[in-house]
Protein chains: 2
Amino acid sequence: MTFIKSIEKAVDVLSCFTLENPLLRVVEISHLTGLNQSTVSRILSTLAKKQCIEQIVPSGKYRLGIKFHQWSAVLRHKTNLPDLARPVMEKLRDSCGEEVTLYGLDENRRICLEAVKSHFDLAKVTPVGKILPLHCGAAGKVLLAYLTPSERKKFISSKGLEKFTPETIVNPEELEMHLEKIRQDGYAVSQGEREKGAYSIVAPIFNQNKKIAASLSVSGPIFRLSETALKKNIEAVQHAANEISVLLSKSNLNHRQNS
Amino acid sequence: MTFIKSIEKAVDVLSCFTLENPLLRVVEISHLTGLNQSTVSRILSTLAKKQCIEQIVPSGKYRLGIKFHQWSAVLRHKTNLPDLARPVMEKLRDSCGEEVTLYGLDENRRICLEAVKSHFDLAKVTPVGKILPLHCGAAGKVLLAYLTPSERKKFISSKGLEKFTPETIVNPEELEMHLEKIRQDGYAVSQGEREKGAYSIVAPIFNQNKKIAASLSVSGPIFRLSETALKKNIEAVQHAANEISVLLSKSNLNHRQNS
DNA sequence: ATAATTATTGCACGATATGAAATAACCATT
DNA sequence: AATGGTTATTTCATATCGTGCAATAATTAT
């Protein structure tokens with residue numbers, strides 16, 4: 001299989017535009033991607049010509065362009081995972097009170113695809129579109145756990161595992177043991193692995209081919225996690241995740257062939 | 001200036017994914033873009049590797065992938081035109097009762113960037129993300145009218161002007177006259193040019209450099225357009241469009257330099 | 001006004017994207 | 001299940017095209 005390198009580079013350039021960094025200049029992108037400045041400049045010109053990005057005139061910085069409004073609408077429109085999952089997620093939030101989030105795999109990160117806010121004032125709040133690491137936090141570990149061993153190895157060996165908190169697992173073997181445990185249990189619980197004081201309870205969502213499609217998380221401040229809440233929430237998250245898996249299978253089976 | 005052709009092709013491929021056609025196969029894209037099947041296949045493989053698209057396994061069709069969730073979130077997040085315009089659009093809708101829509105230029109089409117629903121049960125309803133022609137409907141003609149003559153010429157000469165209804169202008173000279181009139185008036189009114197029985201009243205939105213940024217439209221069924229409603233709505237649309245122009249200028253001036 | 005950083009362009013080289021044809025995979029029909 | 005037809009992918013040779021370097025131009029900072 002042969003891939004078109006300049007297209008990969010263009011995607012890498014566009015991937016630099018994030019919630020945290022929605023406005024970028026040529027050099028910044030050059031640093032972030034490791035691409036030559038000339039190359040970045042030419043890629044940006046091309047993307048600007050095609051209206052994928054636009055230049056803000058006083059500053060000269062670039063941001064995503066009108067083309068993405070089209071794609072954004074397409075994404076929101078059809079049977080896609082977030083829309084499918086939202087009602088189930090709201091039910092889950094109502095039963096456990098805490099924030100419910102949905103994560104998908106994005107290169108070797110995870111991205112928050114959907115978030116339903118907690119009823120508490122003091123709570124975990126994750127914006128949709130936020131990109132987070134895979135190796136820490138139960139939602140990341142669940143995504144990792146159900147990859148094929150080769151896919152997983154590619155990630156874990158790719159670069160060092162960054163330490164976010166004292167609880168972050170940075171040892172590959174230790175991480176693999178955790179993942180094995182997750183596969184046995186069918187869920188994951190983490191406490192303060194990425195952000196101090198926060199817990200998550202997470203279960204996997206599978207597509208019709210039993211491949212991992214997303215992870216569903218309930219998360220909040222650790223001090224609200226009683227022994228009974230833990231048990232109840234594990235049960236509830238697993239149930240909700242299964243429900244979404246079923247919806248997803250049905251939805252995908254619908255657009256067979258010429259439909 | 002030198003553009004990277006394979007990237008342009010990739011964008012063309014992705015542009016095939018629309019509200020009407022969210023699921024596509026290689027041949028379909030090949031026909032839509034005029035690209036060789038091998039090329040399309042390779043572009044799709046590359047985009048799939050980068051998770052810009054994903055293949056639905058039972059059917060083999062492709063759809064937009066998880067990467068677009070990231071970009072979609074970035075788009076929604078920062079000071080972008082639709083979010084800026086929405087409150088003003090809602091006010092306008094409340095004052096005139098009819099659907100209010102916002103259109104931007106997308107290659108040589110227009111795309112609905114934002115829509116606020118009419119209060120009436122029988123009304124015009126335009127989905128966000130819908131792609132429509134430029135040469136018919138007041139919202140398209142306003143976008144055309146304020147392009148530079150060379151930009152405009154590029155579009156009008158590009159290919160024949162499709163006739164949607166008996167009212168559609170298909171003669172380039174006649175169209176130019178209409179556009180001149182629009183520039184003099186500062187607004188446009190159309191009746192049944194694209195869809196029979198529908199009218200639109202549209203005013204231009206400019207950015208801080210006085211370039212056309214979007215067009216703002218009030219539209220509904222012609223039978224509700226009395227002489228007084230027409231006058232009132234023209235006034236209201238122009239006022240709202242100006243308001244949005246001001247907001248847009250302010251917003252763009254904010255992210256100067258290193259902010 | 002000057003220096004420093006950043007963006008763009010020309011050029012020549014080497015990588016690489018391309019179409020045509022072949023092969024493989026897939027689907028529909030009987 | 002088997003066949004024929006459509007669609008997807010891969011191979012291969014060729015010329016195109018994207019690339020980095022260095023120079024220039026444009027911006028920004030001091």
Side-chain angles (χ1 to χ4, degrees), chain A residues 1-17 21 23-50 52-63 65 208-209 252-259, chain B residues 1-17 21-50 52-65 208-209 252-259:
Chain A
M1 190 161 295
T2 168
F3 300 110
I4 298 167
K5 307 210 173 160
S6 49
I7 295 177
E8 295 192 48
K9 289 175 192 170
V11 177
D12 289 340
V13 165
L14 288 171
S15 296
C16 295
F17 293 86
N21 265 332
L23 302 173
L24 294 169
R25 285 171 302 147
V26 177
V27 255
E28 296 176 293
I29 297 172
S30 173
H31 292 145
L32 287 166
T33 56
L35 293 171
N36 190 297
Q37 279 198 32
S38 325
T39 303
V40 172
S41 177
R42 280 185 277 245
I43 290 174
L44 289 176
S45 303
T46 307
L47 292 172
K49 180 190 177 194
K50 298 304 262 179
C52 294
I53 55 172
E54 57 192 29
Q55 207 168 13
I56 301 171
V57 177
S59 67
K61 292 194 174 186
Y62 290 92
R63 69 172 161 201
Q208 73 276 17
N209 309 310
N252 279 340
L253 290 175
N254 280 344
H255 28 241
R256 284 188 145 280
Q257 287 138 225
N258 295 325
S259 74
Chain B
M1 191 161 294
T2 168
F3 300 109
I4 298 166
K5 306 209 170 160
S6 49
I7 294 177
E8 295 192 46
K9 288 176 191 171
V11 177
D12 289 340
V13 165
L14 288 171
S15 295
C16 294
F17 293 86
N21 265 332
L23 303 173
L24 293 169
R25 285 172 302 146
V26 176
V27 255
E28 296 176 294
I29 296 171
S30 172
H31 291 146
L32 286 166
T33 56
L35 294 170
N36 190 297
Q37 278 198 32
S38 328
T39 303
V40 173
S41 177
R42 279 184 281 245
I43 290 173
L44 289 175
S45 303
T46 307
L47 292 172
K49 180 190 176 194
K50 297 305 261 182
C52 293
I53 56 172
E54 57 192 27
Q55 208 169 11
I56 301 170
V57 178
S59 67
K61 292 194 175 186
Y62 290 92
R63 69 172 159 202
L64 295 184
Q208 72 276 17
N209 309 311
N252 279 341
L253 291 175
N254 280 344
H255 27 241
R256 283 189 147 280
Q257 286 138 226
N258 295 323
S259 74

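Order of the sequence lines fixes the chain letters, A, B, ..., with proteins taken first and strands second; residue numbering starts at 1 for each chain.
Smallest separation of non-hydrogen atoms from A/Leu47 and A/Ala10: CD1-O, 4.3 Å. Of all heavy-atom pairs between B/Val40 and B/Ser30, the closest is CG2-CA, 3.9 Å.
For B/Ser38 and B/His31, each mapped to the nucleotide of DNA chain D holding its nearest heavy atom, the one lying further toward the 5' end belongs to B/His31. If you find the closest nucleotide of DNA chain D to A/Thr2 and to B/Lys5, the one lying nearer the 5' end belongs to A/Thr2.
Contact annotation: A/Lys9 side-chain N/O to D/dT19 OP1/OP2 distance is under 4.0 Å.
Between D/dT9, C/dA17, C/dG10, one nucleotide has an atom nearer to the side chain of A/Ser6 than all others, and that is C/dA17. Which of C/dA20, D/dA8, C/dG10 sits closest to the side chain of B/Asn36 comes down to C/dA20. Considering only side-chain atoms of A/Gln55, the nucleotide from D/dG20, C/dT6, C/dT8 that sits closest is C/dT8. Listed candidates were D/dT7, C/dA7, D/dG20. Nearest to the side chain of A/Val27 is C/dA7. Nearest to the side-chain atoms of B/Ser41 among the listed nucleotides D/dT9, D/dT7, C/dA7 stands D/dT9.
Rounded to an integer number of Å, the gap from B/Leu47 CG to C/dA17 P is 13 Å. Rounded to whole Å, the distance from CD1 on B/Ile43 to P on C/dA17 is 10 Å. Between the CD atom of B/Gln37 and the P atom of C/dG19 there is a distance of 12 Å, rounded to whole Å. Between A/Leu23 atom CG and C/dT6 atom P the separation is 17 Å, expressed in whole Å.
Looking only at side-chain heavy atoms (C-beta outward), B/Ile56 and B/Arg63 come within less than 4.5 Å of each other.
Across all strands, A/Thr39 comes closer than 4.0 Å only to sugar-phosphate atoms, never to a base (heavy-atom distances).
In this structure, A/Ser15 contributes its side chain and A/Val11 its backbone to a donor-acceptor pair below 3.5 Å.
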